[in-house]
Amino acid sequence: MQFENNLEFARQLDNKDPLKSFRDKFHFPNFHEKKILYFTGNSLGLQPKKAAEYIQEELADWAKFGVEGHFHAKRPWYSYHENLCEMTAKIVGAKPVEVVVTHSLTTNLHLLLVSFYRPQGKRTKIICEAKAFPSDQYVLESQVKFHGLTQENIVEVFPRAGEELIHLEDILAKIQELGDELALVMIGGVNYYTGQLFDMQKITVAAHAVGAIAGFDLAHATGNVNLQLHDWNVDFATWCGYKYLNSSPGGVSGIFVHERHANDSSLPRFAGWWGHDKEARFQMEKGFQPLAGAEGWQLSNAPVLGMAAHLAALEIFEEAGMDKIGEKRDLITSYLEFVIDCISENYKEKCSFELITPRDKKQRGSQLSIKVMGQGVELFKRICALGVLADWREPNVIRLAPVPLYTSYEDCFHLGQELEIGISTS
Ligand SMILES: *Cc1c(COP(=O)(O)O)cnc(C)c1O
C-alpha cells in the first residue's frame, strides 16, 4: 500500500479498520489540557471500561457473601482463575491445561526456573540476550547464585560491533558452541528496548538439539505478537498482564508450561496449596500432589480484584481475536514507521530519526524504538508538553507503541505533527 502522510489518508485507514470500534472499549487518559496521544501501551495498557464493572461485582459479592463468596459469588472465587484459562490459551497459542494466570511476572519467572533451571555436572550454563530487562537479569543472577554457581554461567549474546540488534544466527551458534554445557536458554521474546522479536521456534529447536531447556519472558510479546507456544514446543514462558494485555498496574501474570511437562511430578518446584490437587486441598494432609499442567505451579488463592480487571481485558482479546489484532498491528506499525521516515527526511538538517527496531515486520511487534539524532531529550520534552505519552530511554531513544486495539491511524498522523512542531520550535 502506498501511504500518505496526511489527515485524510489516516482517516481513510481508520474507516477501513475492522478493529475501529474497539477503541471505545478503553478509557483514554485526560489529565492534559490537550488530547492525549497514547503511545505507551507497551509499558501500561489502557483501562478497559468493563474493568470497573467486573471489579464492582466482586466487591458487591464480597460485601454480600463474605467468605461464602468463594462458592456463592457470581464467579466463585475458589475457581476464579479457571475463567481465564481458555482465553489466555488462545492469545499465546497453547492448550488450556498449559496456562494459568497467577502471581506476578518476576515471581513466576523464579518459580519456573526452580523447575526448569537444574544445573547438573557440566551442564550449568544459561544463554540470554544482552541488555535483557533488568528484572530478568537479577532473576538469572540470583538463580545462578542460589545453585552455588558463578556469574560466568550466564552467557549473554550481544549485537555485533556497531549494531543494535542481535542476529538469530549468533544465538543459534552460541547454543551449538555451548552444547552439553548448556542447561537453559532464557530470552525475552520481544526485546523491551529495541522491539526486536526473536524466532522462538528456531531457538527452541536449537536448544532441544543440545539437550537444553527453552523458556521465554513474554512481557512485551503477549497480546502483541502472534504466538504458538504449544506448536513451537517451548518448555515454559511467563508474561505480565499489564502491558499489551491491559489488565491493571501490577496486574496478574500468566504462565505457560508445555503439556509434556504437565504430569511430570519429578520436576522440583516450590509448592503452595493452590497448586495442590483441588479435591484434597482442604484435607490439609501432608504430601504435595500437584495439579496437572500449569495450574500446578500456583501457590496462593487468586487475587480476585486484579483478576476481575484481567477478565475484562481478556474478553476484548477474545472478541477481536489475535489474527485481526496481528493484521492491524503490522499495518499501523508500518504506517507510523512511514510517518516518522517522512519527518526524518523533511527535517534532516535539524534532526533525524534512526529506527532501531527491525524494518522486517516478521521481526517486530507494534513497538518502534527510534534514535533521535541531532536533538535529544529536549525534543522528547516538547512533544510530551503537546500531549504525547511516549517513553524515553537514555541517551537518545524514544519508544512508541501503536496498540492495535486502541491506537488509530489518525493518532499516528497527529504524533508526526507534534514531532514536526517539536523539531521546528527548537
Ligand atoms: C515489564 C517486565 C518485567 C516486570 O516484571 P514485574 O515482575 O511485573 O514487575 C519483567 N521482565 C520483562 C522482560 C518486562 O518487560
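When a ligand or atom number is given, it counts from 1 through the structure's own listing order. What you see below is based on every heavy atom in this structure, not just the backbone, and it leaves out hydrogens, waters and symmetry mates. In this text, all values refer to a predicted model and were calculated from it rather than measured experimentally.
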Self-check item: Donor-acceptor under 3.5 Å (S247 side chain, L245 main chain)
Solution: yes
Quiz item: How would you list, by chain and number, every residue that makes a side-chain contact (heavy atoms from CB on, under 4.5 Å) with A309, sequence neighbours excluded?
Solution: A51, I55, S248
Let me check something: any side-chain donor-acceptor pairs from residues 130-138 under 3.5 Å, sequence neighbours excluded? List them with distances.
| unit_1 | atom_1 | unit_2 | atom_2 | d |
| --- | --- | --- | --- | --- |
| S135 | OG | T106 | OG1 | 2.8 |
| Q137 | NE2 | A132 | O | 2.7 |

Practice problem: Assert yes or no for the condition that the ring centre distance of Y78 to H70 is strictly below 6.0 Å. | Solution: no
Self-check item: All side-chain contact (heavy atoms from CB on, under 4.5 Å) counterparts of E394, not counting sequence neighbours
Solution: W392
Any protein N or O within less than 3.5 Å of an N or O in ligand 1? List each pair with its distance, or say none.
| unit_1 | atom_1 | unit_2 | atom_2 | d |
| --- | --- | --- | --- | --- |
| ligand 1 | 5 (O) | T106 | OG1 | 3.3 |
| ligand 1 | 7 (O) | T106 | N | 2.9 |
| ligand 1 | 7 (O) | T106 | OG1 | 2.6 |
| ligand 1 | 8 (O) | Y242 | OH | 2.6 |
| ligand 1 | 11 (N) | D136 | OD1 | 2.6 |
| ligand 1 | 11 (N) | D217 | OD2 | 3.2 |
| ligand 1 | 15 (O) | H220 | NE2 | 3.1 |
| ligand 1 | 15 (O) | K243 | NZ | 2.5 |

Self-check item: Atom CZ of F146: over 12 foreign heavy atoms under 6.0 Å
Solution: no
